[in-house]
Amino acid sequence: MAYLDFLQTHGDRLIDGTVVTVFQFFLATAVAVSVALLFGLMRLSQNLAIRSVAVGYIEIFRGTSLLVQLFWIFFVLPLFGINLDKFLAGFLAVGLNMGAYGAELVRGAILAVPRGQWEAAVALNMPRSRRMWRIVLPQAFLIMLPPWGNLVIEILKGTALVALISVTDLMFEVRQINIATFKAVEAFGTAILVYYAMARLFVTPCMRALERAMARKTGKA
Amino acid sequence: MTEETGRYPLRLEGDGVPMVRFQKVTKRYGPLVVLDELDLDVAPGEMVTIIGPSGSGKTTVLRMLMTLETIDGGVIYVDGEPLTHMVRNQGLVPANSAHTRRMRSKIGMCFQHFNLFPHMTALGNCMEGPVQVLKLSRKEAEERSMELLEMVGMADKRDEHPSRLSGGQQQRVAIARALAMRPRIMLFDEVTSALDPEVISEVTSVIRRLVSTHNLTMLMVTHQMGFAREISDRVCFFFNGSIEEQGPPAELFEAPGRERTRQFLNAVLEAN
């Protein structure tokens, strides 16, 4: 089997690349979740200045290409004296970009919590921040989990772009293999299989399990 | 606002200070006047029921008292102190959040759709306020909550989430949750309107017990005329944002003095 030979020959590089992709994915997701929560809440602030900052952020990062943002962070920021390591620039760009989409998910979910829940919290004389953290956010979390399942897969696929600033992820490695061997079908075929397996066999089941666990915890199941 | 509030006392003093006073209270939604210079006093320990056609401003009265709505004119006093305003430089200015929170601690409310927190158990719902707001220890809060769940007959459901409870059970937990904050005024906003007919009595019997055993001041909006008549000290008939007629239930239900009251009562009785 020629493909088995291919895997045997290039297995080490493929595994190294996959490990880097997994790290990029987890770090980008962490950035995206933090940024989404922060800007989602800021977007709902009563303060116009805070709200405007959030709107500006979301507009810029949703309105332009992830690849352009990646190049900006890696190639343009150094011109302003900000030098980021390529690994850091990679997951940061993906996380900041996806976080802008996530912020809208956070905002939408908070607004989807019934008004009666806020009012009951007011009737218990809870201060505003406590109303948000104790009453509204836990319910919003449950509402936004399914769309986050999609976004997390987008984050995984988005990390493939970091190969273009020479982060040695899976995509970078298969391109190198292709250049060296001209075995395009095997190289890019493997990439497709690995990305699909990670999304289908890892990310989706994890998100489902999280949804079920949260539903149980909130008495919905 | 400040100039206009010049004619309102900074606080109510002397004998017979009402627990609640609405003085010339106005509420508008855009061009729609929901409350029109409403005057209403509720004495300490009094049970006042508000009835009237939908859109007459009944629920707005309770929501304004709970500070869920802003005020467009007039002043609301609670326990002699302004609720919607506070005293600054010998005058009344709109209340800030610290003043609102201090005054709000005297008031509890139950809602038509219960509004229990779905992610907490019955016990968790009752403990939330005492722990998070009153800063009681979990042990104290649990003791207080269990006592109240016992009173409303829900102690055995302490670990159930609201989604596993019937409407009547949820409303009883909601009453316990509100009482756990030890309010001096309780507001009941159509608490039986979303219930199936056969469970309404679960909730009304709890309220009946409250009236007979606690010295709470209560305001209730309801469509249950029989219940209103049985437990109220006074019934107010609202029409178009003001009180058309009020009096002891026997009087108002037996011999309404106004044509609109008669029409409303006839319509309600016919529907039943």
Side-chain angles (χ1 to χ4, degrees), chain A residues 33 37 40-41 44-51 105-106 108-148 207-221, chain B residues 59 62-63 65-69 97-98 100-122 124-135 157 159-165 170 173-175 177-183 185-189 194:
Chain A
V33 169
L37 189 60
L41 286 171
L44 291 168
S45 167
Q46 289 169 330
N47 183 316
L48 178 67
I50 294 177
R51 214 163 54 231
L105 297 184
V106 170
I110 287 172
L111 292 178
V113 173
R115 208 166 58 122
Q117 292 292 311
W118 285 99
E119 296 182 345
V122 170
L124 289 180
N125 207 9
M126 296 173 91
R128 207 180 129 77
S129 60
R130 207 71 52 83
R131 296 200 287 266
M132 182 61 95
W133 285 106
R134 297 280 313 168
I135 306 303
V136 175
L137 271 184
Q139 297 181 56
F141 188 58
L142 195 63
I143 296 172
M144 69 176 128
L145 266 180
W148 266 102
M207 293 303 289
R208 286 281 149 75
L210 189 58
E211 278 170 44
R212 272 197 305 275
M214 287 308 295
R216 228 183 353 264
K217 219 178 144 195
T218 54
K220 285 264 163 61
Chain B
T59 289
L62 302 194
R63 292 176 55 83
L65 199 44
M66 194 67 258
T67 66
L68 295 172
E69 305 280 349
S97 65
T100 303
R101 286 203 66 222
R102 186 171 67 76
M103 294 301 293
R104 198 157 52 197
S105 67
K106 300 169 195 263
I107 308 167
M109 183 166 181
C110 294
F111 300 86
Q112 179 176 359
H113 296 290
F114 334 124
N115 299 355
L116 288 181
F117 305 133
H119 54 303
M120 299 179 190
T121 61
N125 266 276
C126 295
M127 289 174 61
E128 184 66 9
V131 171
Q132 298 293 331
V133 179
L134 304 180
K135 307 289 179 201
K157 303 279 189 193
D159 295 323
E160 296 288 357
H161 280 88
S163 57
R164 303 223 171 220
L165 301 176
Q170 289 189 55
V173 172
I175 293 172
R177 176 176 72 175
L179 290 173
M181 300 299 284
R182 301 263 159 95
I185 303 165
M186 272 293 284
L187 311 175
F188 295 101
D189 185 16

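Letters A, B, ... mirror the listed sequences (proteins, then strands); counts begin at 1.
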Short question: side chain of Asn115(B), backbone of Gly116(A) - any donor-acceptor pair under 3.5 Å?
->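 Judged by distance alone, yes, a pair lies under 3.5 Å.
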
Please answer whether the main-chain N or O of Thr67(B) pairs with a side-chain N or O of Arg104(B) as donor and acceptor at a distance below 3.5 Å.
->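 No, because the side chain of Arg104(B) does not come within donor-acceptor range (under 3.5 Å) of the backbone of Thr67(B).
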
Do Thr121(B) and Asp159(B) have a side chain donor and acceptor closer than 3.5 Å?
->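 Side chains of Thr121(B) and Asp159(B): no pair found under 3.5 Å.
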
Please indicate whether Arg208(A) has more than 12 foreign heavy atoms, meaning atoms of other residues, nucleotides or ligands, lying under 6.0 Å from its CZ.
->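 No, because the 6.0 Å sphere around CZ of Arg208(A) holds 12 heavy atoms or fewer from other groups.
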
Closest heavy-atom pair and its distance - Glu211(A), Pro146(A) |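 Nearest heavy atoms, Glu211(A) then Pro146(A): OE2-CA, 3.6 Å.
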
Heavy-atom closest contact (Ala180(B) atom, Cys126(B) atom, distance) |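 Ala180(B) and Cys126(B) have their closest heavy atoms at CB-O, 3.6 Å.
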
Most contacts with chain A, counted as non-hydrogen pairs under 4.5 angstrom, among Met66(B), Gln112(B), Arg101(B) =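 Among Met66(B), Gln112(B), Arg101(B), the one with the most close pairs to chain A is Arg101(B).
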
Most heavy-atom pairs under 4.5 angstrom with chain A, which of Met181(B), His113(B), Glu128(B), Met120(B)?
->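 If we count pairs closer than 4.5 Å to chain A, Glu128(B) comes out on top.
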
Region of [X] in contact with chain A, defined by heavy-atom distances below 4.5 Å:
| X | value |
| --- | --- |
| Phe117(B) | both |
| Arg177(B) | both |
| Leu116(B) | backbone |
| Leu68(B) | side chain |

What part of Arg134(A) lies closer than 4.5 angstrom to a heavy atom of chain B: side chain, backbone, both or neither?
->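 Answer is both: backbone and side chain atoms of Arg134(A) are under 4.5 Å from chain B.
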
Anything in residues 108-115 of chain A with a heavy-atom distance to chain B below 4.5 Å? Please list those residues in order.
->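 Against chain B, the residues of residues 108-115 of chain A that fall inside the cut-off (heavy atoms, under 4.5 Å) are Arg115(A).
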
Could you check if a side-chain atom of Ile175(B) sits within less than 4.5 angstrom of a side-chain atom of Phe188(B), using non-hydrogen atoms only?
->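 SC-SC contact between Ile175(B) and Phe188(B) confirmed.
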
Not counting sequence neighbours, which residues clear salt bridge (Lys or Arg N to Asp or Glu O under 4.0 Å) with Lys106(B)? List them please.
->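 Lys106(B): salt bridge (Lys or Arg N to Asp or Glu O under 4.0 Å) contacts with Asp79(B).
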
From CG (Leu37(A)) to CE (Met144(A)), nearest 0.5 Å |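 Going from the CG atom of Leu37(A) to the CE atom of Met144(A) covers 7.0 Å.
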
